[in-house]
Structure formats: C-alpha cells, structure tokens
K.L.:
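Quick one: the structure is below, questions incoming.
Just so you know, residue 1 is the first one in the sequence shown, and it goes up from there.
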Amino acid sequence: MTLTMLAVFLVHVLLGLPLFISLLATAVVGFLFVDPAMIPRMMPQQFFGGINAFSLMAIPLFILAGNLMNVTRLTDRLMAFARLLVGHLRGGMGHVNVVSSIFFAGVNGSAVADTSALGSLLVPPMRKEGYSTAFAAGLTAGSSLIGPIIPPSIFMILYASLTNTSVGDLFLAGVIPGLLLGLAFMAMNAWYAWHKGLEKRGGLPSRRELVVTALGALPALVAPFIIVSGIVMGFVTPTESGALTALYVALCGLAQGNLRIADFWKAMVDTTRLTSAIFLIMAASATISWLLSYAQVPNEFVALLAPYIEQPVVILLLLSLITFVTGMFMEEVSALMLLTPIFSPVAMMAGIDPVHLGIIITLNITIALITPPMGACVFVAAAVSRLEITSLFRTIWPFVVTAILVLILLILFPSLTLWLPTQLG
C-alpha cells in the first residue's frame, strides 16, 4: 500500500498538479486499499481536523509580522546594521549576507523569503567585491537555512502541534543550532575570501555610526525577544505572541511613518496567499498521516528499527537519512507532517528527547530547501542572481555538506540543543 501511494504521489507531482491535490489523490488511493467506504466519511473529517488546532493560528500571524517588517522597511535597517558590523572584514559582503540572515530569522522565519530578499539586494554587490555568481547565490541560499531554525519557526510550530511538545522549548532549543549554522557559513565564506584573495573594503565604523545604526535597527531587533520571552515566561501563547509581534511591527511602522494603507493591504494579501497554501498542504498531509496511522505503518517502522533502539545516535542518523532523501523529492511542510507521526514513537522508545528530535527534524527538513531537485531556495537564488539552475545545482553541494556537518554535530552532542531550554525553560 505504502509503495503504491508513493508512486501515485510522484506521478501527480511530475504531471505538475498542485501539491495538495497530489496529496489528496494519494490519500484516496490509500483509502481504496484500507476501506473505500471510509472515503466520504473520514477524508473530510481528517482534512479539516488536521488544521483545526489553536496553536496553528500562530503561523499566519508570524507570517504577517514578517511581511509587515518588509513593507515598513525595518529589514533595510537590519541589513544596514549587519553591514556596519562585519562589512569591513575580508569577504565583508558574504559575512553581511550571513549576519543579515541571522537577523531576518528572528523576525521572518521563512527561508524562501530570506533568499528572495537578500539575493536581490546582496548578490550584485558580492559580485562587485569579487565573488563568483555561483558562490554568491549558493551562500544566499545556504544562509537562508538559518531562518527556520532561529525562532520563530513555522516548522517548529507544526512539529509541536503534532507531538504536543512545548513551542517555547523548541524556540529556545533552536537558538544555538541557528548560530552554529551561521558561524559555519561565515567560516566557509572566510575561507573563500582568503582563497580568492578578496580585499577588505572600508574601515572600522566609528562609534557614532555604530550607535546611530544600532538605534535605527533596535525596533526590529526587539521583535525576537518579544516572541521568545513572552512564550518562555508564560505570559502569552505562541498564537498570542504572533499577534503581539504583528501589532508591535505595525505600530513601529506607523510611528516611523513607513506604513501606508496600501503597504498594510499588500502585507495582508501576501500573508493570506502563503497561509492558504501552507494550510491546504497541512490538511491534505494530515489526511495521509491519519491513514498511515490507521494502517499501523508507524508500528511497522518501529519494528523495522527495533535492532537499533538502544542506540539513539544511530536512530537519529537513520531518521535523518530518511528525512534528507524524502525532503529532496517532497515539499517540506508535507514531509514534516507525514514523517513526524512515524518518527516520534521510534524516538520515544530510544529515549530521545522530543525537543532534540524536533530540532533534528526541523534542520533536516530545512536542508531539503537547498538540495536538488526540489530545493525551493535554490530556484529562488538562481532566479534573483540570473544564474542557470543547473549551474547552481552543481555548485550548491558544499553548502549542503556544511549544513549536514552542523546536523551531525547536533546529533552527537544533544546538549547543544537542550542546554538553553534546560536553563530557561
């Protein structure tokens, strides 16, 4: 049954049908194997039940906060601050690219949006500084992976809703891995700059420049602290935190005179479009997840990995391999929705902390955004840098390997993810 469902899904995707329709067609085939009489009764129930969770309301609110940040030009101030901090170093524009991704991650949380915004703004000046177009586009796509790891993260909210894990703990657990990912890409950029003999541009910023630029970026830098601290301290739920952040960004835009009615309407329309796409995929994926659970596929998977159940590192490596391969051929939200209910029982039996598992799965799913042939960030980076997609697919692998090395580090040393939530959670 499972192989037939996979074949049906791949055929529909190759035919170019919308992803949620491909998923629903796959679910229909699965129900035909289990019990065709369940189709009119269970499919609508699971489709709408899959998105009927209060915690999922946080997703459109965080997306709205990120869109408002863009239209109010607060993101421009973040980039100016990043340029002042690291732009004077050798390979400065590459470092600016990574640091900007770290700043954007605390507000937007979307890797694709990060790639689109930074690619159009930073790839041209990186080329002027001596970077090849392929490396500039690859670094833009690679550093965008930081977005879904540093809170807020849509992937983490989805994982929390599926496993009843604390969103606050997941957000805290993503801070150190996100910074490690940023440091890894900065080290990669520093090596490239040294190897290519790129020269430093500009000198150290004056204290006045630093203070003025930092004050300009301060409203945007405060937003992540509102998100994380409110949830961790128990003042607000994730949904309320998303609403509070969106309101805060809107008020900042109004106070600075950068938010017009047309800008607000554009942010609302963009949020509605992206949220609709995500929720349709979630609903269809939830239908398949329920069907697989009803058919006891997770139990079969647990039995398959039973010989390694006493070795949590081996279990995490195997789960990561499966997630990595799945993510190469499946959209990330649907992959997360389908794999989490199957992986979670195995991890529990192996004694793996659900927060640790959440970060590992999130990073795995995120890496899929830059892996051929379906990596969305690679397509966006190629488009904004005007590079042939096949050329970028050939040169993206060093960035994939760098992210995988960080993933392996997190698997071998769980304290890198669990220390912060243990201390503050």
K.L.:
Would you say that Q256 contacts R77 through its side chain, given a criterion of any heavy-atom pair below 4.5 Å between the two side chains?
P.N.:
yes

K.L.:
Within the supplied structure, the quantity of interest is the number of heavy atoms (other residues, nucleotides, ligands) at a distance under 6.0 Å from E388 CD; does it exceed 12?
P.N.:
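No, CD of E388 has 12 or fewer neighbouring heavy atoms, counting only those of other groups under 6.0 Å.
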
K.L.:
How long is the straight-line distance from OG1 of T417 back to CD1 of I176, given to the nearest 0.5 Å?
P.N.:
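With rounding to 0.5 Å, CD1 (I176) is 8.5 Å from OG1 (T417).
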
K.L.:
Would you call K266-D263 a salt bridge at under 4.0 Å N-O?
P.N.:
no

K.L.:
Restricting to non-hydrogen atoms, name the atom on A58 and the atom on T239 that form the minimum distance, rounded to 0.1 Å.
P.N.:
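Scanning both residues completely, I find the closest heavy atoms to be N-OG1, 3.5 Å.
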
K.L.:
Kindly state whether the ring of F343 and the ring of Y159 have centres lying under 6.0 angstrom apart.
P.N.:
no

K.L.:
Got a sec, which residues hit ring-ring contact (aromatic ring centres under 6.0 Å, His included) with F81, two or more places apart in sequence or on another chain?
P.N.:
F103

K.L.:
Any idea which heavy atoms bring I342 and V346 closest together, and the distance?
P.N.:
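Nearest heavy atoms, I342 then V346: O-CG2, 3.8 Å.
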
K.L.:
Between the side chains of T115 and S144, is a donor N or O closer than 3.5 angstrom to an acceptor N or O?
P.N.:
yes

K.L.:
Does the side chain of N97 reach to within under 4.5 Å of the side chain of M126, using non-hydrogen atoms?
P.N.:
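Side-chain contact under 4.5 Å: yes.
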
K.L.:
Could you tell me which residues satisfy side chain to side chain donor-acceptor pair (under 3.5 Å) with T163, sequence neighbours excluded, listed by chain and number?
P.N.:
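Scan of T163 (side chain to side chain donor-acceptor pair (under 3.5 Å), adjacent residues dropped) gives T165.
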
K.L.:
Can you list the steps and then say if S285 with S334 is a side chain to side chain donor-acceptor pair (under 3.5 Å)?
P.N.:
CA-CA 5 Å; S285 300; S334 56; 4.6 Å; no

K.L.:
Quick check on R73: does its CZ atom have over 12 non-hydrogen neighbours (other residues, nucleotides or ligands) under 6.0 Å away?
P.N.:
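At most 12 heavy atoms, drawn from other residues, nucleotides or ligands, come within 6.0 Å of this atom.
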
K.L.:
Do R127 and V123 come within less than 4.5 Å of each other through their side chains, counting heavy atoms only?
P.N.:
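Yes. Closest side-chain heavy atoms under 4.5 Å.
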
K.L.:
Any luck finding a side-chain donor-acceptor pair between Y131 and N189 under 3.5 Å?
P.N.:
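Per modelled atom types, Y131 and N189 side chains form a pair under 3.5 Å.
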
K.L.:
Using a 3.5 Å distance criterion without hydrogens, assess whether the side chain of R273 forms a donor-acceptor pair with backbone atoms of M268.
P.N.:
no

K.L.:
Is it the case that over 12 heavy atoms from other parts of the model lie below 6.0 angstrom from the CH2 atom of W265?
P.N.:
no

K.L.:
Taking N364 for the side chain and I360 for the main chain, is one N or O donor matched with an acceptor at less than 3.5 Å?
P.N.:
yes

K.L.:
side-chain contact (heavy atoms from CB on, under 4.5 Å) between F379 and F393: does it pass, once the steps are laid out?
P.N.:
CA-CA 9 Å; F379 283 96; F393 273 155; 3.9 Å; yes

K.L.:
Could you go step by step and tell me if F399 and F135 meet the ring-ring contact (aromatic ring centres under 6.0 Å, His included) rule?
P.N.:
CA-CA 9 Å; F399 301 95; F135 187 89; 5.4 Å; yes

